Amino acid sequence: SFPTRRSSDLSDQDEGNGKSDTPMQPSTGDRASNTDRADSALAPAPQRNARTALREQRGILMVLTGDGKGKSTSAFGAVARALGWGHKVGVIQFVTGEWQTGEQKFFADHPQVDWHISGARFDWSDENKEQSSQAALEAFAQGAAMMVSGDYDLIVLDEINWALHQGDLDPGAVLHAIAARDAACTVILTGRNAPDSVRQAADLITDMNDSRHPHEEGRAAVRGIEY
């Protein structure tokens, strides 16, 4: 099972806006107390290591899906943020194949990142179905081992939703592995067509909507922007 957001997790401002036009302002004593707690939680080593602080919290399951652009882009923004705090990150890309991407070129050699690419391309034609399915299974086996290891603070399973949608992976088996992960590990699943069972298990879901895109005008994907 996964944790749910508690009302106590809401900010003072959120609670205040629900009651009046003016956000509730904490007293001077409350502000000082909150500042002390924040300083204690985020103090640099040796006072407090940021990764140690993170691992005292339970990780969440994030699902980034929908037809619009930005799913993987958002996930790799989270990777950059995690690395900024010295966290350990694992990435499995399910449908990239040998196609080079900017995120791979930037992150793959980082000492705090383990980056793995499935051998399959974004191609589920009948003649390549068996190869794609086997590649997806092998990639997820690697991801499952990473999730349970306790070595990672964040794991991105990039485009896994598409592999699930195409039937190359079993949603039940994927959710079982996610539930068995190290408690402090956050997992991000990207890709369109996230299955209902995955959505139900998620702590956070973002649906990217395709309101407008240059491909509608026949423009090709731009290196450095879209890959």
Side-chain angles (χ1 to χ4, degrees), residues 59-85 87-110 112-124 132-133 135-144 146-147 152-169 171 174-175 177-178 181 185-195 198-199 201-216 219-227:
I60 64 173
L61 174 60
M62 302 170 60
V63 175
L64 308 178
T65 190
D67 294 335
K69 172 179 167 52
K71 299 176 287 292
S72 295
T73 303
S74 177
F76 294 124
V79 169
R81 179 175 288 168
L83 293 174
W85 287 101
H87 300 168
K88 180 73 172 178
V89 178
V91 176
I92 305 285
Q93 287 191 294
F94 278 83
V95 298
T96 304
E98 297 178 356
W99 184 23
Q100 281 200 325
T101 62
E103 58 266 23
Q104 175 199 353
K105 293 172 69 67
F106 184 79
F107 287 119
D109 293 332
H110 194 288
Q112 287 293 97
V113 177
D114 287 335
W115 195 286
H116 303 281
I117 299 175
S118 165
R121 290 292 304 274
F122 200 85
D123 180 4
W124 272 265
S132 295
S133 296
L137 288 169
E138 292 174 359
F140 184 70
Q142 194 162 32
M146 293 165 69
M147 286 190 288
Y152 299 89
D153 305 300
L154 173 65
I155 292 177
V156 175
L157 303 179
D158 188 39
E159 296 291 356
I160 190 174
N161 291 333
W162 185 250
L164 288 164
H165 176 70
Q166 293 294 328
D168 288 315
L169 295 172
V174 169
L175 290 174
I178 291 173
R181 74 189 188 280
C185 180
T186 286
V187 178
I188 302 178
L189 312 182
T190 77
R192 61 182 62 197
N193 299 119
V198 169
R199 296 176 69 96
D203 298 291
L204 181 153
I205 303 171
T206 297
D207 286 296
M208 307 291 186
N209 297 318
D210 190 5
S211 299
R212 182 179 300 169
H213 197 291
H215 68 66
E216 298 169 356
R219 297 173 62 180
V222 180
R223 184 173 63 183
I225 300 298
E226 296 175 284
Y227 67 93

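Source: prediction; values computed, not measured. The chain is numbered in sequence order, starting from 1.
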Quick one: closest heavy-atom pair of [X] and [Y], and the distance?
X	Y	value
Phe140	Leu169	CB-CD2, 4.0 Å
Ser118	Ala136	OG-N, 4.2 Å
Leu175	Ala201	CD2-CB, 3.8 Å
Met208	Ser74	CE-CB, 4.1 Å
Asp210	Asp67	CB-O, 3.7 Å
Ala75	Leu64	N-CD1, 3.8 Å

Side chains of [X] and [Y] in contact at under 4.5 Å (non-hydrogen atoms):
X	Y	result
Trp162	Thr190	no
Asn161	Asn193	no
Thr206	Val63	no
Ile155	Val91	no
Val198	Leu189	yes
Phe94	Ile117	no
Phe106	Phe76	no
Leu83	Val89	yes

Measure the spacing between [atom1] of [X] and [atom2] of [Y] and express it to the nearest 0.5 Å.
X	Y	atom1	atom2	result
Ile92	Met147	CD1	CE	9.0 Å
Met62	Asp203	CE	CG	9.5 Å
Leu204	Ile60	CG	CD1	5.5 Å
Leu157	Gln142	CG	CD	11.0 Å

Using a strict cut-off of less than 4.0 Å between a Lys/Arg side-chain nitrogen and an Asp/Glu carboxylate oxygen, indicate whether Lys88 and Asp114 qualify as a salt bridge.
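Judged by the 4.0 Å cut-off on N to carboxylate O distance, Lys88 and Asp114 do form a salt bridge.
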Electrostatic pair Asp207-Arg199, nearest N-O below 4.0 angstrom:
yes
Modelled atom types, side-chain donor and acceptor of Gln93 and Trp115, under 3.5 Å
yes
N/O donor-acceptor pair under 3.5 Å between Arg181 side chain and Ala144 backbone
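Side chain of Arg181 to backbone of Ala144: no pair is present.
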Let me see the working for His87 and Arg81 under side chain to side chain contact (heavy atoms under 4.5 Å, CB included), right down to the final yes or no.
CA-CA 9 Å; His87 300 168; Arg81 179 175 288 168; over 6 Å; no
